[in-house]
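To keep things clear, I will list the structure first and then write my remarks on it.
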Amino acid sequence: MQTLIAWLGRGISLALFRSSQLRVFTANFLAFLWFDLFRIRRDVVLANIGKAFPEMAVGDRVTLGRRSLQNLAMSFVEYSFLPWLNQKNCLEHFRFENSELLDSKLQEGKGVLLLTLHLGNGDLTCAGMALNGWPMVMVSKEFKFKWLNDVWFGLRERLGVRFIPPRNSSFALLKALKKGQAVVIPLDQFTGPPIGVRTTFFGHETGTAAGLAIMAERSGAPVLAVYTYRDSTGTHVAHFEREIPVPPNSDRSEDHVRQVTQTFNDQLEVFVRRHPEQWMWIHKRWKRFVVH
């Protein structure tokens with residue numbers, strides 16, 4: 001029975017991988033169920049869009065929210081790519097813009113910290129980067145269920161991506177940077193104290209993880225801002241924007257960490273404004289930052 005289910009899963013995966021029309025239909029149907037029929041977190045999506053774009057009409061917020069869920073559903077559907085991707089077909093599905101910036105910084109031998117966010121399909125694009133030859137490490141939360149971790153992370157690890165959980169990760173991250181690897185750190189989710197600092201995003205107070213700023217200070221590794229998006233042809237694009245300087249923090253000031261983290265947030269806001277329909281509006285980004 002398990003073998004039959006496995007073969008059925010591979011068959012569905014292959015059909016989705018080969019047919020863009022089937023992927024679009026499936027993603028739009030899932031988004032319709034989620035956003036329009038069952039309305040799961042629809043209120044969160046619309047409230048978040050209202051915070052970021054208060055001038056936007058209600059009808060336009062609904063349209064943007066629906067497109068965001070279609071993008072999220074498409075990212076889920078595109079996990080069907082993972083069993084079939086390889087070095088030969090990598091560049092058929094991915095494009096890397098300004099990647100010479102990454103190459104030049106990796107040559108310095110300190111590793112690279114990649115500041116990014118949940119835009120487009122970053123998980124899949126990270127796998128594409130690994131296939132293209134870059135030594136990729138991603139900081140990502142783990143699930144409670146081992147079998148889900150095995151599926152969620154295992155397929156991308158097969159393509160060369162290594163994962164590090166965010167809690168108590170300093171030693172593992174420093175080791176990866178010392179080996180000259182590129183460490184991907186998404187920084188667009190709410191993080192409260194004690195590991196988060198008080199910041200703003202789209203002008204509203206929120207909490208953001210301080211780990212990237214601290215790691216940059218400790219390691220001396222350059223921080224490159226990068227975002228991913230899906231273009232009109234369905235190609236996944238990784239755009240390397242710029243290096244963000246991190247001044248030294250000799251007195252280990254918490255305010256310095258906060259200011260650097262705010263600079264990171266400001267850059268991520270620029271990325272969201274470029275492709276708002278591809279950002280994960282369903283996340284509760286603006287929770288109260290409460291220090292006990």
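It should be emphasised that the depicted structure is a prediction, and the values quoted were computed from it without experimental measurement.
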Inset, instruction - Evaluate the side-chain proximity of Met136 to Val184: yes if any heavy-atom separation is below 4.5 Å, no if none is. - result: yes
### Message
Tell me whether Ser219 contacts the main-chain N or O of Leu177 through its side chain, where contact means a donor paired with an acceptor under 3.5 Å.
### Response
no
*Would a distance-only check, ignoring hydrogens and angles, find a side-chain to backbone donor-acceptor pair under 3.5 Å from Ser68 to Leu64?*
no
- Task: Give a yes or no on whether a salt bridge exists between Glu269 and Arg273, defined as a side-chain N under 4.0 angstrom from a carboxylate O.
- Result: yes
**Report entry** Same apolar cluster (I L V M F W Y, side chains within < 4.5 Å links), Leu187/Leu224
**Finding:** no
(request) Begin with the C-alpha distance, continue with both residues' side-chain angles, and end with the deciding distance and a verdict on side chain to side chain donor-acceptor pair (under 3.5 Å) for Gln262 and Thr200. (result) CA-CA 7 Å; Gln262 183 61 58; Thr200 62; 3.2 Å; yes
Exercise. Using the rule that two of Ile, Leu, Val, Met, Phe, Trp, Tyr join whenever any of their side-chain heavy atoms come within less than 4.5 Å, decide whether Leu33 and Val62 are in one cluster.
Key: yes
Next on the checklist: Determine whether Tyr79 and Phe81 satisfy the following criterion, ring-ring contact (aromatic ring centres under 6.0 Å, His included), listing intermediate values before the conclusion.
Outcome noted: CA-CA 5 Å; Tyr79 273 91; Phe81 282 39; 9.8 Å; no
Closest non-hydrogen contact found for Ala73 with Leu30 is CB-CB, 4.0 Å
Salt bridge flag under 4.0 Å for residues Arg288 and Glu205 = no
Is there a donor-acceptor pair closer than 3.5 Å between any side-chain N or O of Thr116 and the backbone N or O of Val226? yes
Next item on the list: State plainly whether one hydrophobic cluster holds both Val183 and Val112, where clusters connect Ile, Leu, Val, Met, Phe, Trp and Tyr through side-chain heavy atoms under 4.5 angstrom apart.
Entry: no
Interatomic distance, CG@Leu106 vs CG@Leu101, rounded to 0.5 Å, equals 9.5 Å
Closest non-hydrogen atoms of Pro222 and Lys110, given as atom of the first, atom of the second and distance, are CD-CB, 4.4 Å
Notebook entry, point to check: With side chains defined as the heavy atoms from C-beta onward, is the minimum distance between Thr235 and Arg230 less than 4.5 Å?
Noted result: no
Review point. Would you say Gln21 has more than 12 foreign heavy atoms packed within less than 6.0 Å of its CD?
Key: no
>> Working note: Thr206 + Thr191, criterion side-chain contact (heavy atoms from CB on, under 4.5 Å); need CA distance, chi angles, decisive distance, verdict.
In response: CA-CA 8 Å; Thr206 185; Thr191 305; over 6 Å; no
Practice task
Walk me through it: do Asp123 and Met138 pass the test side-chain contact (heavy atoms from CB on, under 4.5 Å)?
Solution key: CA-CA 9 Å; Asp123 288 336; Met138 178 176 280; 3.7 Å; yes
- Distance flag, aromatic centroids of Trp279 and Phe271, threshold under 6.0 Å: no
Taken to the nearest 0.5 Å, the spacing of Phe94 CZ from Asn132 CG works out to 9.5 Å
In this structure, OG1 of Thr208 is separated from CD1 of Ile195 (nearest 0.5 Å) by 11.5 Å
Any ion pair linking Asp188 and Arg285 (charged N to carboxylate O, less than 4.0 Å)? no
The reported gap from OG1 in Thr199 to CG in Asp266 (rounded to nearest 0.5 angstrom) is 9.0 Å
| For residues Arg67 and Gln278, is any side-chain donor paired with an opposing acceptor at under 3.5 Å? | no
For Trp134 and Asp103, does a side-chain donor sit closer than 3.5 Å to a side-chain acceptor?
-> yes
- If only atom types and distance count, is the side chain of Asp231 paired as donor or acceptor with the main-chain N or O of Gly234 below 3.5 Å? yes
Could you check whether any side-chain N or O of Asn86 sits under 3.5 Å from a backbone N or O of Leu131, counting only pairs where one atom can act as donor and the other as acceptor? no
field: Side-chain heavy-atom pair Arg162, Gln181 within 4.5 angstrom cut-off
entry: yes
(request) Please report the C-alpha distance between Gln267 and Arg242 in whole Å, then the side-chain angles of each, then the deciding distance to 0.1 Å, and finally whether the side-chain contact (heavy atoms from CB on, under 4.5 Å) criterion is met. (result) CA-CA 10 Å; Gln267 181 63 71; Arg242 66 184 181 102; 2.7 Å; yes
Practice problem: Would you sort out whether Met74 and Asn71 count as a side-chain contact (heavy atoms from CB on, under 4.5 Å), showing the intermediate values? | Solution: CA-CA 5 Å; Met74 179 61 81; Asn71 174 78; 5.5 Å; no
Taking every heavy atom of Arg10 against every heavy atom of Pro83, the minimum-distance pair comes out as NH1-CB, 4.5 Å
- Polar side-chain atom of Ser253 near backbone of His256 as donor-acceptor pair, under 3.5 Å: yes
Smallest heavy-atom separation, Ala130 atom then Gly160 atom, equals CB-C, 3.8 Å
Is the charged tip of Arg66 near the ring of Phe35: under 6.0 Å from the six-membered ring centre and within 45° of its axis? no
For Leu119 and His275 the tightest heavy-atom approach is CD1-O, 3.3 Å
- Query: Linking I/L/V/M/F/W/Y whenever their side-chain heavy atoms sit closer than 4.5 Å, directly or via other members, would Leu14 and Leu85 fall into one cluster?
  - Reply: yes
#### Entry: Atom CD of Gln87 with >12 non-hydrogen neighbours under 6.0 angstrom
no
Linking I/L/V/M/F/W/Y whenever their side-chain heavy atoms sit closer than 4.5 Å, directly or via other members, would Ile282 and Phe190 fall into one cluster?
no
Output for pair (Thr228 OG1, Leu117 CG), nearest 0.5 Å, gives 7.0 Å
Exercise. How about Arg156 and Phe163: do any of their side-chain heavy atoms sit closer than 4.5 Å?
Worked result: yes
Side-chain donor/acceptor of Arg23 to backbone N/O of Leu16, under 3.5 Å: yes
- Any side-chain heavy atom of Val137 within less than 4.5 Å of one from Ile164? yes
Quiz item: With a 4.5 Å heavy-atom cut-off, do His93 and Phe17 have their side chains touching?
Solution: yes
Taken to the nearest 0.5 Å, the spacing of Gln259 CD from Thr261 OG1 works out to 10.0 Å
Q) With no hydrogens and no angle check, is any side-chain donor or acceptor of Thr26 less than 3.5 Å from a backbone partner on Leu22? A) yes
Open item on the list: Is any side-chain heavy atom of Trp281 closer than 4.5 Å to one of Leu69?
Closed with: no
| Going by heavy atoms in the side chains, are Glu217 and Val246 under 4.5 Å from each other? | yes
(message) Donor-acceptor pair, distance only, cut-off 3.5 Å: does the side chain of Asn48 make one with the backbone of His283?
(response) yes
| Is it true that Tyr227 and Phe240 have ring centroids separated by less than 6.0 Å? | no
Test item: Ser13 side-chain N/O and Ser80 main-chain N/O as donor-acceptor pair under 3.5 Å: yes
Ring centroids only, cut at 6.0 angstrom: are Phe96 and His236 within range, meaning strictly under it? no
*Distance-only donor-acceptor check, side chains Tyr229 and Glu97, under 3.5 Å*: yes
task: Taking only Lys NZ, Arg NE, NH1 and NH2, and the carboxylate oxygens of Asp or Glu, determine whether Glu241 and Arg274 approach each other closer than 4.0 Å.
output: yes
When every non-hydrogen atom of Cys90 is compared with those of Gly128, the smallest separation belongs to SG-O, 3.4 Å
